[in-house]
Amino acid sequence: MSDFFSPERPPKRVLIIKLRHHGDVLLTSPMFTVLKKNWPGVEVDALVYDDTQAMLTNHPYIDQVHTIGRKWRKQGWLKQLSLYRGLRNRLKARNYDVLINLTEHWHGARLARKLKPRVSVGFKPDKRGGLARWRWVKSFTTLYPAIQDNSRHMVEVNLDALRRIGIHPASAEDKRTLFTPGEEAENTILQKLAGFGLASKSYILVHPTSRWMFKAWQIDKLAATIDTLAARGLPIILSAAPSKEESDYMDKLRAALTQPVFDLSGQLNLKELGALMKHARLYFGVDSMPMHLASAVGTPTVAIFGPTGAIKWAPWGVSYRVITAGFTCQPCGKAGCGDSQVSDCITAITPAQVLGAIDTLLLENPA
């Protein structure tokens with residue numbers, strides 16, 4: 001029991017709030033494991049945006065996943081007010097002892113004031129901000145230093161919120177990210193693999209796109225890499241999201257390939273994508289949510305990194321290789337050099353670098 005709670009009055013329910021994108025939500029998954037291992041009898045809930053809930057549903061250590069609609073603001077003030085009031089009442093009925101807010105979103109600060117848990121944790125803001133900063137600080141009973149630079153992995157930064165209230169991971173295994181595809185998704189993917197004539201752990205999954213397409217590698221270099229692997233007799237499955245930008249990229253990639261591959265681009269939901277990654281021998285892609293998904297199902301990962309921090313956002317808890325060009329300006333956090341959508345630190349990477357990393361991981365993880 002932490003110093004914040006006595007053995008005579010242990011916490012019964014905890015709410016963890018992460019209102020960001022899919023990958024950010026997935027990287028909170030170790031927190032639920034660590035909490036349950038430290039407080040076996042506690043119920044732990046999550047509050048996330050509705051379009052990210054699949055990242056946490058089926059997690060064995062989460063009791064309930066609550067959601068906020070990312071598009072609620074577009075429904076008019078009266079409807080929006082009704083939706084927020086309904087959410088607040090559902091959360092209030094859970095009677096949380098602990099609330100942990102992991103983002104800068106004011107929803108977390110408002111809920112900390114409305115729900116009145118015994119302990120509420122938020123990140124420590126910088127010294128600027130005046131009245132807004134004062135109101136933020138006063139919303140929480142406890143603040144933790146949410147490190148913003150590239151010196152610490154995001155999983156560890158999230159866990160710092162627990163460490164601040166005396167909850168520490170007992171092992172590296174407890175700190176692993178976790179994604180559970182579920183039986184339906186597993187069956188769907190196994191059927192697709194059978195249709196391709198492929199067994200589990202026999203193929204390389206290549207997911208070369210991201211919602212931020214300035215992270216994508218040049219098509220000619222990617223095609224040369226895939227062709228080399230396929231020519232060796234290694235089955236390749238392609239995947240990508242169904243967005244127009246990613247679909248256009250994949251159309252150009254398919255046109256550039258000379259070797260046969262299998263293609264599930266734009267055909268899978270998040271649970272099915274996770275199952276496809278789980279059964280892959282190796283994953284290759286760019287710094288993206290799918291890269292984190294591959295780590296969360298335990299698949300060895302090779303990833304290209306450019307403008308984003310390779311320490312803060314690297315694959316986690318699996319065998320991996322991160323490929324960077326080693327530019328002194330990395331990570332800059334820009335949408336390409338000068339916000340041009342083209343990153344020199346990505347275009348400088350060669351097929352030989354990627355193939356070398358893939359070969360190394362294949363040797364370390366034989367079929």
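For the single chain, residues carry numbers from 1 onward in sequence order.
- Taking the six-membered ring for Trp and the full ring otherwise, the centers of F140 and W136 sit less than 6.0 Å from each other.
- Within a 6.0 Å sphere centred on NZ of K138, other residues, nucleotides and ligands contribute 12 heavy atoms or fewer.
- Residues L162 and Y144 fail the side-chain proximity criterion, which asks for heavy atoms closer than 4.5 Å.
- Looking only at side-chain heavy atoms (C-beta outward), L26 and L293 come within less than 4.5 Å of each other.
- Of the possible donor and acceptor atoms, one in the side chain of T141 sits under 3.5 Å from a partner among the backbone N and O of S120.
- Checked against salt bridge (Lys or Arg N to Asp or Glu O under 4.0 Å), K124 has no partners two or more places apart in sequence or in another chain.
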Side-chain donor-acceptor pairs of residues 300-313 under 3.5 Å, sequence neighbours excluded:
{"from": "T301", "atom 1": "OG1", "to": "T299", "atom 2": "O", "distance (Å)": "2.9"}
{"from": "T308", "atom 1": "OG1", "to": "D287", "atom 2": "OD2", "distance (Å)": "2.2"}
{"from": "K312", "atom 1": "NZ", "to": "Q148", "atom 2": "O", "distance (Å)": "3.2"}

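- Minimum interatomic distance between I236 and L229 (heavy atoms only, all atoms of both residues): CD1-CB, 4.0 Å.
- Side-chain heavy atoms closer than 4.5 Å link hydrophobic residues (I, L, V, M, F, W, Y) into clusters, and following such links, even through other members, never connects M291 to L238.
- In this structure, R110 CZ and L115 CG are separated by 12.5 Å, a value rounded to the nearest 0.5 Å.
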Do M31 and L102 pass the side chain to side chain contact (heavy atoms under 4.5 Å, CB included) test, and can you show the C-alpha distance, the side-chain angles, and the key distance before you say yes or no? CA-CA 11 Å; M31 298 186 69; L102 297 173; 3.4 Å; yes

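- The structure places OG of S288 at 5.5 Å from NE2 of H207, a figure rounded to the nearest 0.5 Å.
- A salt bridge links R94 with D45; the closest basic N to acidic carboxylate O contact falls under 4.0 Å.
- No continuous path of hydrophobic side-chain contacts links L27 to L178 [ILVMFWY only; heavy atoms under 4.5 Å].
- Panel note: side chain K201, backbone K278; a donor-acceptor pair is recorded below 3.5 Å.
- Partners of R163 under the salt bridge (Lys or Arg N to Asp or Glu O under 4.0 Å) rule, at least two apart in sequence or in another chain, are E156, D160.
- Using modelled atom types, one finds no donor on one side chain facing an acceptor on the other under 3.5 Å when comparing T28 with N158.
- Shown here are the salt bridge (Lys or Arg N to Asp or Glu O under 4.0 Å) partners of E272, two or more places apart in sequence or in another chain: there are none.
- Counting non-hydrogen atoms of other residues, nucleotides and ligands closer than 6.0 Å to CD of E183 gives a total of 12 or fewer.
- Under 3.5 Å, the side chains of T52 and H22 contain no donor-acceptor pair of N or O atoms.
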Kindly indicate, with the supporting measurements, whether the criterion side-chain hydrogen bond (donor to acceptor under 3.5 Å, both in side chains) is fulfilled by H279 and E186. CA-CA 9 Å; H279 291 283; E186 291 268 10; 2.7 Å; yes

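- With sequence neighbours excluded, the residues forming a side-chain hydrogen bond (donor to acceptor under 3.5 Å, both in side chains) with D248 are K244, listed by chain and number.
- Between H292 and T177, every side-chain heavy-atom pair lies at or beyond the 4.5 Å cut-off.
- The minimum heavy-atom distance between C345 and A325, with the atom names listed, is O-CB, 3.2 Å.
- Between W316 and H153, the ring planes are tilted. Angles from 30° to 60° get that label.
- Remark: E245 CD is loosely packed, at most 12 non-hydrogen atoms of other residues, nucleotides or ligands lying under 6.0 Å away.
- Interatomic distance, CH2 of W217 versus OG of S343, reported as 14.5 Å (0.5 Å rounding).
- For the residue pair Q259 and A230, the shortest heavy atom distance occurs at CB-CB, 3.6 Å.
- Taking NE2 of H59 as the reference point, atom OG of S29 lies at 5.0 Å (rounded to 0.5 Å).
- Here the side chains of V44 and I62 are not in contact, with every heavy-atom distance at 4.5 Å or above.
- Scanning both residues, A275 and A185, for their nearest heavy atoms gives CB-O, 3.8 Å.
- Using a 4.5 Å heavy-atom cutoff, the side chains of V14 and E43 are not in contact.
- Atoms OG1 and CG, from T188 and L264 in turn, are 11.0 Å apart once rounded to the nearest 0.5 Å.
- Remark: R321 engages E364 in a salt bridge, criterion side-chain N to carboxylate O under 4.0 Å.
- In this view, K36 and D63 satisfy the salt bridge (Lys or Arg N to Asp or Glu O under 4.0 Å) rule, not counting sequence neighbours.
- You'll find the side chain of N187 stays beyond 4.5 Å of the side chain of E184, heavy atoms only.
- Residues Y203 and L193 share a closest heavy-atom pair of CE2-CD2, 3.5 Å.
- Taking 4.5 Å as the limit, every side-chain heavy atom of L143 sits out of range of all side-chain heavy atoms of F123.
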Given I165 and V98, is the side chain to side chain contact (heavy atoms under 4.5 Å, CB included) satisfied, shown in steps? CA-CA 10 Å; I165 58 172; V98 183; 4.2 Å; yes

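- Linking Ile, Leu, Val, Met, Phe, Trp and Tyr residues whenever their side-chain heavy atoms come within less than 4.5 Å leaves I323 and Y283 in two separate clusters.
- Taking the six-membered ring where the residue is Trp, H107 and H105 present parallel rings, their angle staying beneath 30° rather than reaching 60°.
- L273 and M213 are not part of a single hydrophobic cluster, where members link through side-chain heavy atoms under 4.5 Å apart.
- Panel note: side chain T180, backbone G182; no donor-acceptor pair is recorded below 3.5 Å.
- Using a 4.0 Å cut-off between a side-chain N of Lys or Arg and a carboxylate O of Asp or Glu, D174 and K37 qualify as a salt bridge.
- R70 has a carboxylate O that lies under 4.0 Å from a charged side-chain N of D51, or vice versa, which qualifies the two as a salt bridge.
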Trace of the side chain to side chain contact (heavy atoms under 4.5 Å, CB included) decision for L111 with L99: CA-CA 9 Å; L111 286 170; L99 179 150; 4.2 Å; yes

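- The side-chain tip of K12 does not point at the ring of Y96 from less than 6.0 angstrom away and within 45° of straight on.
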Between L47 and T67, does a side chain to side chain contact (heavy atoms under 4.5 Å, CB included) hold up when you go through it step by step? CA-CA 5 Å; L47 174 62; T67 63; 5.6 Å; no

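- The nearest pair of heavy atoms linking K334 to F214 is O-CE1, 3.5 Å.
- Following chains of ILVMFWY side-chain contacts shorter than 4.5 Å, one cannot reach I237 starting from I204, and the two form parts of different hydrophobic clusters.
- Annotation for R113: atom CZ counts as buried by contact number, over 12 foreign heavy atoms lying within 6.0 Å.
- Proximity of a side-chain donor or acceptor of N365 to a complementary backbone N or O of L361 within less than 3.5 Å is detected.
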Starting from the C-alpha separation in whole Å, work towards a yes-or-no answer on side-chain hydrogen bond (donor to acceptor under 3.5 Å, both in side chains) for K175 and T33. CA-CA 8 Å; K175 294 196 291 184; T33 305; over 6 Å; no

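- Looking at heavy atoms from C-beta onward, L222 lies in side-chain contact with I226 at the 4.5 angstrom threshold.
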